[in-house]
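Nothing fancy with the numbering, it's 1 onward along the sequence.
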Amino acid sequence: MHPQNPGVVITTYNSPLWLSKVLMGYEVQSTPDFRVIIADDGSTDDTRQVIETFRTRGRLTIDHVWHEDQGFRKCQILNKAIRETDCDYLIFTDGDCIPEPDFIATHVRLARPGHFLSGGYIKLTMPVSELIGEDHIRSGEIFRADWLVQHGQPKNHKLWKLADSQRFRDFMNWVTPAAASWNGMNSSTWTEDLRAVNGFNEDMQYGGLDRELGERLWNYGHKSIQIRYSTVCLHLDHARGYSKPEIWARNRAIRKAVKQQRITWAQHGIEPPAAGTNEQPKGQ
């Protein structure tokens with residue numbers, strides 16, 4: 001069983017320049033058979049104009065899912081995207097992550113029923129992030145470790161994710177001590193399974209919200225597959241003004257309960273709780 005109608009969900013918020021670089025990366029994917037779903041957490045018209053420009057170019061089929069800016073509501077806009085899509089398989093990433101040319105094809109090829117895929121990324125420095133232009137993306141040279149180092153990216157083991165040898169990448173997937181967790185910038189699974197756990201937990205803000213979804217999928221019976229070396233994206237640098245200690249503490253408490261109580265269903269998710277009850281639906 002393979003995905004018949006895959007989509008990539010790209011979250012964004014008022015980062016039109018970074019989003020344009022990311023969309024260029026999707027224009028040069030090795031397969032054209034996918035849909036782009038932009039989950040927009042309330043961006044202004046600058047972002048809308050970028051999206052319209054790429055629509056006009058005609059290389060991508062784009063759905064723009066938007067809601068008003070009322071603060072950090074990433075989980076809400078992701079759930080809206082899941083609720084409204086017809087895609088049977090969804091790859092999740094961010095509007096500051098440029099995908100490898102085989103990004104979509106690899107997720108589709110490795111998709112398995114009852115599993116989610118846990119991909120990898122490389123964080124770029126701000127100078128390298130700013131340097132990257134359309135020609136660099138279209139040529140694919142930004143996915144060569146030597147090119148990145150030549151232009152100022154620190155040389156370290158994280159660049160091993162860009163190794164030419166697929167055998168080496170497969171070996172590293174096998175030996176890495178990192179858990180195959182749900183990573184918001186590079187993970188995928190079946191739409192019906194996301195709906196079965198009621199999507200993302202809207203009680204969570206920045207800090208672990210992606211991991212919490214993966215933990216509920218594990219509780220639901222899903223297994224995860226480590227592909228952090230199979231395909232990666234380049235994470236463009238940016239400030240993180242929405243990261244606050246008190247929010248992290250609240251999110252950690254939610255995740256602790258999910259693990260201890262084996263929770264699968266998000267009370268506040270794709271489907272809202274039934275009026276007058278906090279109970280999760282039968283069978284969840």
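Using modelled atom types and a 3.5 Å distance limit, the side chains of Asp94 and Thr11 yield a donor-acceptor pair. For Tyr89 and Ser188, the side-chain atoms include at least one donor-acceptor pair closer than 3.5 Å. Between the side chains of Glu141 and Ser139, at least one donor N or O sits under 3.5 Å from an acceptor N or O. For the 3.5 Å distance criterion, the side chains of Ser181 and Asn183 qualify, holding a donor opposite an acceptor. Under the 3.5 Å distance criterion, with hydrogens and angles disregarded, a donor-acceptor pair is assigned to the side chains of His64 and Asp40. Side chain to side chain, Ser30 and Asp102 meet the donor-acceptor criterion of an N or O pair below 3.5 Å. A donor-acceptor contact closer than 3.5 angstrom is absent between the side chains of Trp66 and Ser43.
Using a cutoff of 4.0 Å between basic side-chain nitrogens and carboxylate oxygens, Arg255 and Glu212 are not scored as salt-bridged. With salt bridges taken as basic N to acidic carboxylate O contacts below 4.0 Å, one links Arg55 and Glu52. A salt bridge is absent between Glu100 and Arg144: the closest approach of a Lys/Arg side-chain nitrogen to an acidic carboxylate oxygen does not fall below 4.0 angstrom. Using a 4.0 Å cut-off between charged nitrogen and carboxylate oxygen, Lys155 and Asp146 do not count as a salt-bridge pair. By the 4.0 Å N-to-carboxylate-O rule, Arg211 lies too far from Glu215 to be salt-bridged with it. Between Asp63 and Arg35, at least one side-chain nitrogen of the basic residue sits less than 4.0 Å from a carboxylate oxygen of the acidic one, meeting the salt-bridge criterion. The pair Arg138-Asp135 does not meet the salt-bridge criterion, since no charged nitrogen lies less than 4.0 angstrom from a carboxylate oxygen.
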Item to complete: Carefully, step by step, assess Phe34 and Asn5 under the rule side chain to side chain contact (heavy atoms under 4.5 Å, CB included).
Response: CA-CA 7 Å; Phe34 65 96; Asn5 183 24; over 6 Å; no
Worksheet item: Please walk me through it: do Asp203 and Gln267 pass side chain to side chain donor-acceptor pair (under 3.5 Å)?
Response: CA-CA 8 Å; Asp203 290 330; Gln267 291 296 334; over 6 Å; no
Discussion item. What verdict does the side chain to side chain donor-acceptor pair (under 3.5 Å) test give for Trp218 and Ser224, after you've listed the backbone C-alpha separation in whole Å, the side-chain angles of each residue and the deciding distance to 0.1 Å?
Written reply: CA-CA 8 Å; Trp218 281 333; Ser224 53; 3.1 Å; yes
Fill in: Pair Asn173-Ser230, side chain to side chain donor-acceptor pair (under 3.5 Å): steps then yes or no
CA-CA 8 Å; Asn173 282 331; Ser230 298; 2.8 Å; yes
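At most 12 non-hydrogen atoms from other residues, nucleotides or ligands lie less than 6.0 angstrom from OH of Tyr121. Within a 6.0 Å radius of CD in Gln166, other residues, nucleotides and ligands contribute more than 12 heavy atoms.
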